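Keep in mind it's a predicted model, so treat the numbers as computed, not measured.
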Amino acid sequence: MIGNDIIDLELAGQQSDWSRKGFLKKVFSEAEQSVITTSPDENLMVWLLWSMKEAAYKAHQREFNLARRLNWLAQECRILDITKDKASGTVNISGETYFTTSKFTSEYIHTSAKKDPALGVKNVISEALPSEVKHRIIEEVSDHYQIDKKELQLKKDALGIPFLSNNESFHFDRFSLSGHGKFYAYSLSLINCETSVKHS
């Protein structure tokens, strides 16, 4: 299962003052707070861990068909490697581990999470309109499965989880969409994903 999250850093700074009293304790464990306060770039670390939690929860929600109720402190992030523009890590949720890869610039942070570390995932970050990004996903899936893109529709299930369908006979859910501020992103897997396609 896949999840992803994009953060427009400029907008995040306007919307949330993470330095205000109580914010970090509400969202991050003591260990995560220690990672933030000892980081040379605390702002980046706050939003990196936030993004990891969001992306992993989306994968977890899809994996277990859960209603959207993100409990920040029920997730534990661990950063395995970090450089000036990318990071890898894990997020543990109720005993389940999700593997994350993140990319960041001065403008955004994007994280993709997956349950299977060997799963091939394509990540696309764009300033295109949401409708254009959704169209790109439809085109990629259409080309891969040789289905007329005019027949594919992006829908959401009762829990609000998106999937692609072709007149109810085709179900594809190996992707995740996210948007924040001027950025829109998706993570998509078309590798070894036949089990996620259901034909009735």
Side-chain angles (χ1 to χ4, degrees), residues 1-117 121 123 125 127 130 156 159-162 175-187:
M1 290 297 147
I2 300 172
N4 94 119
D5 185 62
I6 185 82
I7 296 175
D8 181 325
L9 290 172
E10 181 179 3
L11 182 59
Q14 296 169 1
Q15 292 177 329
S16 301
D17 177 12
W18 62 261
S19 63
R20 74 178 186 269
K21 186 177 180 179
F23 182 95
L24 294 182
K25 288 183 179 180
K26 181 180 179 181
V27 178
F28 303 108
S29 68
E30 288 187 11
E32 291 167 339
Q33 290 176 59
S34 178
V35 170
I36 291 166
T37 57
T38 58
S39 170
D41 189 338
E42 292 181 63
N43 186 65
L44 174 68
M45 192 56 63
V46 164
W47 297 119
L48 173 60
L49 294 177
W50 178 292
S51 179
M52 289 169 65
K53 287 177 183 255
E54 281 276 7
Y57 187 75
K58 289 175 185 175
H60 187 69
Q61 181 195 22
R62 192 186 284 276
E63 176 84 11
F64 294 99
N65 293 312
L66 302 173
R68 178 74 171 163
R69 291 190 188 93
L70 195 156
N71 180 350
W72 294 102
L73 296 178
Q75 303 175 75
E76 186 71 31
C77 295
R78 182 179 174 205
I79 294 176
L80 302 178
D81 186 49
I82 187 167
T83 67
K84 65 178 182 178
D85 60 359
K86 60 184 178 180
S88 62
T90 61
V91 180
N92 186 280
I93 307 174
S94 302
E96 302 289 334
T97 299
Y98 298 87
F99 298 85
T100 64
T101 55
S102 303
K103 177 181 178 181
F104 36 87
T105 70
S106 60
E107 295 187 287
Y108 67 79
I109 294 176
H110 176 262
T111 297
S112 177
K114 55 188 178 181
K115 188 75 181 290
D116 179 359
V121 175
N123 296 306
I125 302 149
E127 291 187 48
K156 289 186 178 181
L159 298 172
I161 301 173
F175 67 95
S176 176
L177 284 160
S178 63
H180 185 235
K182 63 183 178 182
F183 297 104
Y184 215 77
Y186 67 85
S187 297

Is [X] reaching over with its side chain to a backbone N or O of [Y], donor-acceptor style, under 3.5 angstrom?
X	Y	answer
His180	Asp8	yes
Thr105	Glu107	yes
Thr100	Gly89	yes
Lys58	Asn4	yes
Gln33	Phe28	yes
Arg62	Phe175	yes

Closest non-hydrogen atom pair, [X] against [Y]:
X	Y	result
Ile82	Met45	CD1-CE, 4.0 Å
Ser112	Ser187	OG-OG, 3.2 Å
Leu49	Glu32	CD1-O, 3.9 Å
Ser16	Trp47	CB-CH2, 3.7 Å
Ala59	Ala113	CB-O, 4.2 Å
Ser51	His110	OG-C, 4.2 Å

Atom pair [atom1] ([X]) and [atom2] ([Y]), whose distance is rounded to the nearest 0.5 Å:
X	Y	atom1	atom2	value
Asp5	Leu48	CG	CG	10.5 Å
Ser102	Asp81	OG	CG	11.0 Å
Ile109	Asp85	CD1	CG	12.0 Å
Ile36	Leu44	CD1	CG	10.5 Å
Ser94	His60	OG	NE2	4.5 Å
Ser176	Lys114	OG	NZ	13.5 Å

Would you call [X] and [Y] a side-chain contact if the rule is heavy atoms closer than 4.5 Å?
X	Y	value
Phe104	Ile7	no
Met1	Phe64	no
Ile125	Asn123	no
Leu159	Leu66	no
Glu63	Glu96	no
Tyr108	Lys182	no

Under the salt bridge (charged side-chain N to carboxylate O under 4.0 Å, His left out) test, which residues partner Glu10, sequence neighbours left out?
none
Report the C-alpha distance between Glu127 and Phe183 in whole Å, list the side-chain angles of each, state the deciding distance to 0.1 Å, and finish with yes or no for side-chain contact (heavy atoms from CB on, under 4.5 Å).
CA-CA 5 Å; Glu127 291 187 48; Phe183 297 104; 3.6 Å; yes
Does Lys86 have any side chain to side chain contact (heavy atoms under 4.5 Å, CB included) partners at least two apart in sequence or in another chain, and if so, which?
Thr83
For [X], does the [atom1] atom have more than 12 heavy-atom neighbours from other residues, nucleotides or ligands under 6.0 Å away?
X	atom1	value
Arg69	CZ	no
Lys103	NZ	no
Glu30	CD	no

Working note: Tyr57 + Arg68, criterion side-chain contact (heavy atoms from CB on, under 4.5 Å); need CA distance, chi angles, decisive distance, verdict.
CA-CA 9 Å; Tyr57 187 75; Arg68 178 74 171 163; 3.0 Å; yes
Between Asp17 and Ser19, does any side-chain donor sit less than 3.5 Å from a side-chain acceptor?
yes
Extract all donor-acceptor atom pairs below 3.5 Å that involve side chains of residues 72-80 and protein atoms in other chains or at least two apart in sequence.
unit_1 : atom_1 : unit_2 : atom_2 : d
Glu76  : OE1    : Ser29  : OG     : 3.2
Glu76  : OE2    : Ser29  : OG     : 3.0

Could you walk me through whether Leu177 and Tyr184 pass the side-chain contact (heavy atoms from CB on, under 4.5 Å) test, one step at a time?
CA-CA 8 Å; Leu177 284 160; Tyr184 215 77; 3.8 Å; yes
